[in-house]
Amino acid sequence: MVRTAVNLRDDRRVTDAADVTFADLDLREELQRALSSLGYEEPTPIQRDAIPVLLAGRDAMAQAATGTGKTAAFALPILQLLESGHRPPEPTALVLVPTRELCMQVSEAMHRYGRDLNVRCLPIYGGQPIVRQLRELKRGVDVVIATPGRAVDHIKRGTLALDRVRVVVLDEADEMLDMGFQEDLEMILDATPTSRQTVLFSATMPSRINNIARKYLNNPARIHSESAPVAHGESPAVRQTAYMVSRANKTAALGRILDIESPVATIVFCRTRDEVNTLTETLNGRGYRAAALHGGVDQSQRERVIARLRSGSADLIVATDVAARGLDIDQLTHVVNFDVPSAPESYVHRIGRVGRAGRAGVAITLAEPREHRILKTIQRVTGNDIIIEKLPTVADLQTRRLEMTREALVEALAADDLDMFRGVVESLGDEHDFVEIALAAVRLAHEATTGPIGGDDIPDEAPPIGGDNSKKQGDRKEHGKDRLKHHGKENTKDHGKGNGKKSHSADGGGGGITRVQINLGKEAGIRPQDVVGAIANETGMKGREVGGIEISDRFTVVEVPRKRAKDVVAALSATHIRGRKPKARVLPDR
Ligand code: AMP
């Protein structure tokens, strides 16, 4: 059985994965309402394990990557603390995050969960006019979500009052340390009351995290919801692939993949009820035969949906985890994770729906770039090979459709009921070549069964392949070597036959490192973390993708992956660093 372990001090509490509901977590009414209106059916493992600890007021360090539901794991306990009536203007909670993007995401999530509490959240990050932030701070906020650099600016100006802060969350702590924010974090923590609750979330737990935890956390509970390792080999023999695609392109990408794979019967997993309903409608609108299954579907409707898939009158079931529990459908050939599952055990449960009794099965995961790390964790914990494939292009689809027409013709040739058409072919043969007649007939057959392929190629969001072997500044050390395997586009036509698969080598993808110069240096007060922060904020690159940084009096030189150099120059030229507008350029190779 898959179990999740929570280490509370020395005692080891083991909870059954599936049994805990949001109602069991003792969250206030307003939060329960918000969660159910968002269509969340059950807590994810990190939520199940972290929420009770945080509600009890304990300090905690939790290992969880993006995509696990970690934001709600700390946001809900924070919201639980807020008073119902009049609240003071000073913030009750401070969440520190590495990048502007995450700052906005956390703030939006907090807002959604705290809707019925009228929570006042304020994201504060560099690059945004400080005046607006000042106005909002004066008006009063409950939760401040800040990047460390900008939080320090406010503290120094005396514009961020932290004396009423009861909870501080360090979100993506490893990333913040990678970006060189250690000093800033310490300064911020020192400015908050010592009675505060301190919570640290991190995708990895290098020793630097432990150092900061020793100094600032008080007897923290260690939460590690990655679960007891799923026994290797427990997963069925299923071909497992993933596609990296942005949220906006997911539905279109799913359509393309289904067309290429042409599954017999598929189950598509979504996180929430709303996602199930929306995706079902969209797929039906695009000519697939999809049926929805979620916690709000009653038993008789559920049976109808399953019967439709069994009889072939539906090709796809779109479902939440809760609703799919106990489903056992022999016909299933494909499982699609419309999002990366929140935990490895959930991945294993999902893909266990196919590949039963030695039958072939395929598991496909659509991952947003930011979910790459949880995908890697799933691969590591389950010991499964998940191959990253390139999204099918329009040309791939055309080829696949022609293949399908060919297969249909082979079948028609094998049947012996073609005689009624003989007269047509023979009479045409008087005036036309037989190959030309066949060509015209194939075209008619092809067009009759396949419509046009709408749209253009969908951008593939696979992360750059290849190690960044740049020198690293200070304690920023190299990560990301154990990348998932990537496959080139040539494999999309290779339907699991196990031939012709070529994976890129670790330093494939070409590129290497190049240097970008910025015309600001020590004299302008530039620090490494400002440069990394500006690059990460403006380009979406990870802090660790940025290489060595040399700061002289008037200039800064930073190493970046060659293929991102243009983006970095454009982004830096369009932003402010320490209040100054930098000029950036790529330096010629040495
Ligand atoms: P996070 O790891 O916090 O970035 O969350 C990843 C995604 O999961 C977000 O889109 C959340 O809205 C969603 N999510 C978080 N918790 C749940 C839950 N219990 N059920 C369904 N979706 C969730």
Side-chain angles (χ1 to χ4, degrees), residues 4 17-25 27 31-52 54 62-79 95 97-99 101-115 145 169-175 199 201-203 223 225-226 246-248 250 268-279 294-296 318-325 337-347 349-350 365-378:
T4 301
D19 301 346
V20 178
T21 63
F22 276 118
D24 298 328
L25 292 177
L27 291 165
L31 298 177
Q32 306 260 12
R33 264 205 310 271
L35 293 170
S36 99
S37 80
L38 287 168
Y40 289 11
E41 296 194 331
E42 61 177 354
T44 66
I46 188 68
Q47 292 162 4
R48 191 185 56 218
D49 295 340
I51 290 173
L54 301 199
Q63 184 159 9
T66 296
T68 56
K70 69 181 166 72
T71 314
F74 62 76
L76 296 170
I78 287 178
L79 293 163
V95 181
V97 293
T99 62
E101 194 197 15
L102 191 61
C103 190
M104 292 192 292
Q105 263 170 30
V106 170
S107 178
E108 280 160 20
M110 189 75 78
H111 207 260
R112 275 199 304 272
Y113 303 137
R115 188 193 63 173
I145 302 105
V169 176
L170 308 179
D171 189 16
E172 301 201 352
D174 51 354
E175 188 68 19
V199 179
F201 276 76
S202 194
I223 300 167
S225 289
E226 201 169 85
S246 69
R247 177 123 220 115
K250 272 197 171 173
V268 182
F269 283 99
C270 293
R271 283 188 177 126
T272 66
R273 254 173 232 205
D274 292 354
E275 278 174 10
V276 165
N277 286 332
T278 312
L279 184 61
H294 53 61
V318 186
T320 54
D321 286 291
V322 169
R325 242 168 237 150
N337 296 309
F338 196 66
D339 299 283
V340 181
S342 60
E345 63 259 47
S346 151
Y347 180 85
H349 279 151
R350 288 178 178 189
T365 302
L366 301 184
E368 290 171 55
R370 68 195 189 95
E371 292 167 329
H372 191 244
R373 195 192 282 271
I374 166 97
L375 199 58
K376 241 164 68 175
T377 303
I378 289 172

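Start at 1 and go down the list; that is how both ligands and their atoms are numbered. Everything quoted here is computed from the prediction, not taken from an experiment.
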**Prompt:** Can you list the steps and then say if E175 with R370 is a salt bridge (charged side-chain N to carboxylate O under 4.0 Å, His left out)?
**Reply:** CA-CA 13 Å; E175 188 68 19; R370 68 195 189 95; over 6 Å; no
**Item:** Any residue meeting side-chain hydrogen bond (donor to acceptor under 3.5 Å, both in side chains) with T68, in chain and number order, not counting sequence neighbours
**Value:** none
**Message:** With salt bridge (charged side-chain N to carboxylate O under 4.0 Å, His left out) as the criterion, how do R48 and D24 come out once you've worked through the C-alpha distance, each side chain's angles and the decisive distance to 0.1 Å?
**Reply:** CA-CA 9 Å; R48 191 185 56 218; D24 298 328; over 6 Å; no
**Prompt:** Do R325 and E42 sit within salt-bridge range, that is, some charged N less than 4.0 Å from a carboxylate O?
**Reply:** yes
**Point-to-point distance, once rounded to the nearest 0.5 Å, from NE2 of H111 to CD1 of I145** =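 Taking NE2 in H111 and CD1 in I145, the distance rounds to 9.5 Å.
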**Message:** Distance check, rounded to the nearest 0.5 Å: T71 atom OG1 versus Q105 atom CD?
**Reply:**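 Those atoms lie 7.0 Å apart.
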**Message:** If the criterion is any heavy atom closer than 4.0 Å to an atom of ligand 1, which residues make the list?
**Reply:** F22, Y40, E42, P43, T44, Q47, T66, G67, T68, G69, K70, T71, R271, T272, R370
